[in-house]
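The structure appears below as structure tokens.
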Amino acid sequence: MKRWIVANWKMNGDSQMAATLAESVMQEADLAPATVRTVVCPPSVYLPQLIDFAAKTRLECGAQDCHGEESGAFTGNISAVMLADIGAKYVIVGHSERREYHGETDAMVKAKAEAALRHGLTPVICVGEDLQTREAGQAEAVVGKQVEASLPDNPSKAHFLLAYEPVWAIGSGKTPTIDDIHSMHAHIDAVLAEKTADGQEYGVLYGGSVKAANAREILQVPKVDGVLVGGASLKADEFCSILQSAV
Ligand code: PGA
């Protein structure tokens, strides 16, 4: 069974830190079983450096966002074509911080995921409910709708990842119970089974306050194919120990 351990560095670090952290992660990635895919998504300015650095290792690199269009007058944006051009393999789309601070809608996220697939990148499509929604007992309904609206129309045979990240669990140290993670992943699995073609390959990750102390338990939940890690991916020891949990 495949496992994806994806690091989201967000807007952190510098070139020195990127090199040091990547060095430790690369060594650990090479020791992991063949079924474990280790992916690091640094700030885009450090991507070429990391791709170059990780070339002869099993560490794969991705970006934290891309634009839905191929090129044009979109100051400050980066397209999926460009990411593919420099050798990136993955791109996170629709992270809740993008949805919240950049007003990204499901339709925009879908366009980004489609752009990623057009250029051979694996999109990591993020969804997740806020606290109010969870407390109102609407989490599964809301996340199900987000999945349906953010998923590419024709995912073709290409591979995609979906990351369930409850907004209230991100960076807060709080996580849903194991039972809640299980039922949400079962729900997402049912929605995806309806939306995808037979034989379509995809993986569903959990994200939100994943750390060395809870990774093993989370990774054992049925239908959890990996984790998306923010804060804990910035500490080499912590992230390497999460990788060791992925067996
Ligand atoms: P966190 O972030 O691990 O710091 O909670 C996860 C994410 O935002 O992807």
Side-chain angles (χ1 to χ4, degrees), residues 3-13 18 21-22 25 37-48 50-51 54 59-69 74 76-128 143 146-147 149-152 155 158-167 169-171 188 192 202-210 224-234 239 242:
R3 294 279 183 211
W4 286 268
I5 310 296
V6 184
N8 173 11
W9 289 2
K10 309 194 180 184
M11 197 175 71
N12 291 296
L21 185 52
V25 177
R37 311 284 294 261
T38 312
V39 183
V40 167
C41 302
S44 291
V45 285
Y46 303 126
L47 249 182
L50 243 70
I51 290 169
L59 177 65
E60 299 178 286
C61 300
Q64 298 174 12
D65 179 46
C66 69
H67 198 279
E69 298 289 335
F74 302 104
N77 286 115
I78 295 171
S79 69
V81 198
M82 295 167 183
L83 294 174
D85 181 39
I86 61 159
K89 298 279 182 249
Y90 293 77
V91 58
I92 299 171
V93 295
H95 188 280
S96 69
E97 287 148 17
R98 301 286 317 176
R99 290 177 185 262
E100 182 179 353
Y101 305 132
H102 299 267
E104 293 188 5
T105 60
D106 288 336
M108 289 161 79
V109 175
K110 176 175 170 174
K112 287 169 187 244
E114 285 175 346
L117 288 176
R118 273 199 303 279
H119 298 285
L121 300 168
T122 298
V124 184
I125 306 163
C126 300
V127 295
V143 169
Q146 275 182 333
V147 172
S150 307
L151 211 66
H159 193 270
F160 70 89
L161 296 176
L162 198 120
Y164 166 57
E165 297 204 300
V167 179
I170 295 176
I188 291 173
L192 288 177
Y202 54 81
V204 185
L205 319 183
Y206 168 80
S209 294
V210 174
V224 171
D225 302 308
V227 285
L228 178 54
V229 188
S233 72
L234 296 168
F239 190 69
I242 294 172

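Since the structure is predicted, the reported quantities are computational estimates derived from the model, not experimental observations. The analysis underlying the following values was restricted to heavy atoms, covering all of them including side chains, and did not include hydrogens, waters or symmetry mates.
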- Message: So His95 and Ile170, do their side chains get closer than 4.5 Å, heavy atoms only?
- Response: yes
- Query: Any donor and acceptor pair, going by atom type alone, linking the side chain of His67 with main-chain N or O of Glu69 inside 3.5 Å?
  - Reply: yes
- Task: Any chance you could measure Arg3, atom CZ, to Arg37, atom CZ, to the nearest 0.5 Å?
- Result: 14.0 Å
- Query: Rounded to the nearest 0.5 Å, how far apart are NZ of Lys112 and OG of Ser79?
  - Reply: 11.5 Å
- Query: Rounded to the nearest 0.5 Å, what separation is found between the CG atom of Leu151 and the CD atom of Glu114?
  - Reply: 9.0 Å
- Item | Note, Leu47 side chain near Pro42 side chain (heavy atom, < 4.5 Å) | yes
- Message: So, taking the atom named CZ in Phe160 and the one named OG1 in Thr122, what distance separates them when rounded to the nearest 0.5 Å?
- Response: 10.5 Å
- Donor-acceptor pair, Ser209 side chain versus Ala169 backbone, under 3.5 Å? yes
- Query: Is there a side-chain contact (heavy atoms from CB on, under 4.5 Å) between Val124 and Trp4 once you walk through the steps?
  - Reply: CA-CA 11 Å; Val124 184; Trp4 286 268; over 6 Å; no
- Note on the structure: Which of Val204, Ile125, Leu205 passes side-chain contact (heavy atoms from CB on, under 4.5 Å) with Leu161? Answer is Leu205
- Flag yes if more than 12 heavy atoms outside Lys10 fall under 6.0 Å of its NZ atom; otherwise flag no. yes
- Message: Quick one: does any side-chain atom of Gln146 pair with a main-chain N or O of Gly128 as donor and acceptor, under 3.5 Å?
- Response: yes
- Message: Hydrogens and angles aside, do Ser150 and Arg99 bring a side-chain donor and acceptor to less than 3.5 Å of each other?
- Response: yes
- Message: Does any part of the side chain of Val6, heavy atoms only, come nearer than 4.5 Å to the side chain of Tyr90, both counted from C-beta?
- Response: no
- About how many Å separate CG of Leu117 and NE2 of His159, when rounded to the nearest 0.5 Å? 10.5 Å
- Message: Working to the nearest 0.5 angstrom, can you tell me the gap between Ile5 CD1 and Phe239 CZ?
- Response: 7.0 Å
- Minimum side-chain heavy-atom gap Val127-Val109 below 4.5 Å: no
